[in-house]
Enquirer: 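Handing you a structure now.
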There are 2 protein chains.
Amino acid sequence: METQTDLLFRALADPTRRALFERLCREGEQTVGALTATAGVSQPAVSKHLAALKAAGLVADRHEGRQTHYSPRTAALGPLADWTKEMARFWEGRFDALEDLLSRMDQ
Amino acid sequence: METQTDLLFRALADPTRRALFERLCREGEQTVGALTATAGVSQPAVSKHLAALKAAGLVADRHEGRQTHYSPRTAALGPLADWTKEMARFWEGRFDALEDLLSRMDQ
DNA sequence: CTCACTCATAACTCACCGGTTATAGAAATC
DNA sequence: GATTTCTATAACCGGTGAGTTATGAGTGAG
């Protein structure tokens with residue numbers, strides 16, 4: 001079976017896809033055309049990546065006339081943050097640089 | 001080119017590989033044989049996954065006699081935590097459940 | 001109505017990746 | 001030294017996924 005966590009990790013594994021998500025986080029809502037302009041791949045490729053991000057809950061789409069606007073949904077990063085922290089905790093206190101990691105996460 | 005961040009995300013994308021890393025985090029250092037026993041895949045498959053995790057800096061190996069012990073290196077999760085937090089920050093204050101995410105990361 | 005534009009889907013190709021079995025190499029045991 | 005055990009590597013296979021071009025569906029403009 002395909003869990004939601006699997007979907008999330010797989011969505012973020014591809015560099016092109018991750019770059020698209022990063023752009024949305026930095027610059028906010030964008031149309032497919034705007035994203036395609038600087039993505040380095042074809043428009044259909046961008047559409048497919050956006051569909052994958054949407055399936056993982058990482059972006060939302062909004063239709064306006066003939067163009068589609070995509071925006072980031074950082075709430076979807078929650079499970080990722082939880083997982084990271086959980087892994088760090090399990091290994092707590094065992095010859096590892098846990099303190100460094102936690103200090104970075106606590107801002 | 002293949003950046004270190006790419007390596008990290010790709011290493012964690014595969015469920016079998018992520019499960020191996022999780023086991024190491026939960027139960028601590030393990031031999032290849034012990035990991036193989038409950039991994040659900042063959043020993044060579046486990047060895048290859050461990051090699052991928054090692055390339056990403058997520059595990060360390062220690063040779064003792066004819067067996068190899070693998071242990072987690074949670075410090076490698078640092079960049080992952082940084083990236084997550086950065087993405088959340090960029091989108092700060094824009095119609096999103098940022099507070100929820102940050103509160104979860106702050107323990 | 002017609003034409004142009006924006007995006008998504010279809011159909012296809014190609015490379016890579018995760019899995020296997022077979023085997024090599026090193027180390028412990030007999 | 002011979003044999004068994006443990007792990008890594010080699011060689012191979014099948015599936016998947018990321019890319020392409022072509023096209024369809026929907027919308028705005030003339």
Enquirer: Within the structure provided, determine whether B:Arg18 and A:Thr5 are in side-chain contact (heavy-atom separation under 4.5 Å).
Expert: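 Of all side-chain heavy-atom pairs linking A:Thr5 with B:Arg18, at least one is under 4.5 Å.
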Enquirer: Given side chains that start at C-beta, do those of A:Gln30 and A:Tyr70 come closer than 4.5 Å, heavy atoms only?
Expert: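 No. Closest side-chain heavy atoms not under 4.5 Å.
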Enquirer: Walk along DNA chain D from 5' to 3' and tell me the first and last nucleotide with an atom closer than 4.0 Å to a non-hydrogen atom of chain A.
Expert: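 Going 5' to 3' along DNA chain D, contacts run D:dG17 to D:dG28.
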Enquirer: Suppose we screen for side-chain contact (heavy atoms from CB on, under 4.5 Å). Which residues come up paired with A:Ala60, at least two apart in sequence or across chains?
Expert: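 A:Ala60 satisfies side-chain contact (heavy atoms from CB on, under 4.5 Å) with A:Ser71, A:Arg73 once adjacent residues are dropped.
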Enquirer: State, to the nearest 10°, the angle formed by the axis through the first five base pairs of the helix from C:dC1-D:dG30 to C:dC30-D:dG1 and the axis through its last five.
Expert: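 About 10° separates the two local helix axes.
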Enquirer: Report yes if some heavy atom in the side chain of A:Glu2 is under 4.5 Å from a heavy atom in the side chain of A:Leu7; otherwise report no.
Expert: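 Yes - at least one pair of side-chain heavy atoms lies under 4.5 Å apart.
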Enquirer: Transitively linked via ILVMFWY side-chain contacts under 4.5 Å: A:Phe90 with B:Val59?
Expert: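 As far as the 4.5 Å side-chain criterion goes, B:Val59 and A:Phe90 are connected within one cluster.
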Enquirer: Looking at residues at least two apart in the chain, or sitting in another chain, which of them share a side-chain contact (heavy atoms from CB on, under 4.5 Å) with A:Thr36?
Expert: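 So A:Thr36 forms a side-chain contact (heavy atoms from CB on, under 4.5 Å) with A:Val32, A:Gln43, A:Val46.
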Enquirer: Check the angle between the aromatic planes of A:Trp83 and B:Phe21 and answer parallel, tilted or perpendicular using the 30° and 60° thresholds.
Expert: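 Ring orientation, 0 to 90° scale: tilted.
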Enquirer: Given side-chain hydrogen bond (donor to acceptor under 3.5 Å, both in side chains), test A:Thr68 with A:His63 step by step and report yes or no.
Expert: CA-CA 5 Å; A:Thr68 309; A:His63 299 282; 3.3 Å; yes
Enquirer: Each nucleotide in nucleotides 6-11 of chain C should get exactly one letter: B, S or -. Can you fill that in based on protein heavy atoms under 4.0 Å?
Expert: SBBB--
Enquirer: Find which nucleotide of DNA chain D each of A:Gly65 and A:Val41 is nearest to by heavy atoms, and output the residue with the more 5' nucleotide.
Expert: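 Final value for this comparison: A:Val41.
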Enquirer: Could you tell me which non-hydrogen atom of A:Thr74 sits nearest to which non-hydrogen atom of B:Met87, and how far apart they are?
Expert: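 Closest pair (atom of A:Thr74, atom of B:Met87, distance): CG2-O, 3.8 Å.
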Enquirer: Taking the side chain as everything from C-beta on, heavy atoms only, tell me whether B:Leu50 gets closer than 4.5 Å to B:Asp61.
Expert: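 Not in contact.
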Enquirer: Please determine whether a side-chain nitrogen of the Lys or Arg among B:Asp14 and A:Arg10 lies less than 4.0 Å from a carboxylate oxygen of the Asp or Glu.
Expert: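 Looking at A:Arg10 together with B:Asp14, the answer is no, because their closest N to O distance does not fall below 4.0 Å.
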Enquirer: What I'd like to find out is whether the side chain of B:Leu12 reaches to under 4.5 Å of the side chain of B:Arg17, using heavy atoms alone.
Expert: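 No; the side chains remain at least 4.5 Å from each other.
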Enquirer: With the threshold set at under 4.0 Å for non-hydrogen atoms, list the residues of residues 4-20 of chain A touching DNA chain D in residue-number order.
Expert: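 Residues of residues 4-20 of chain A under 4.0 Å from DNA chain D: A:Arg10, A:Asp14, A:Thr16, A:Arg17.
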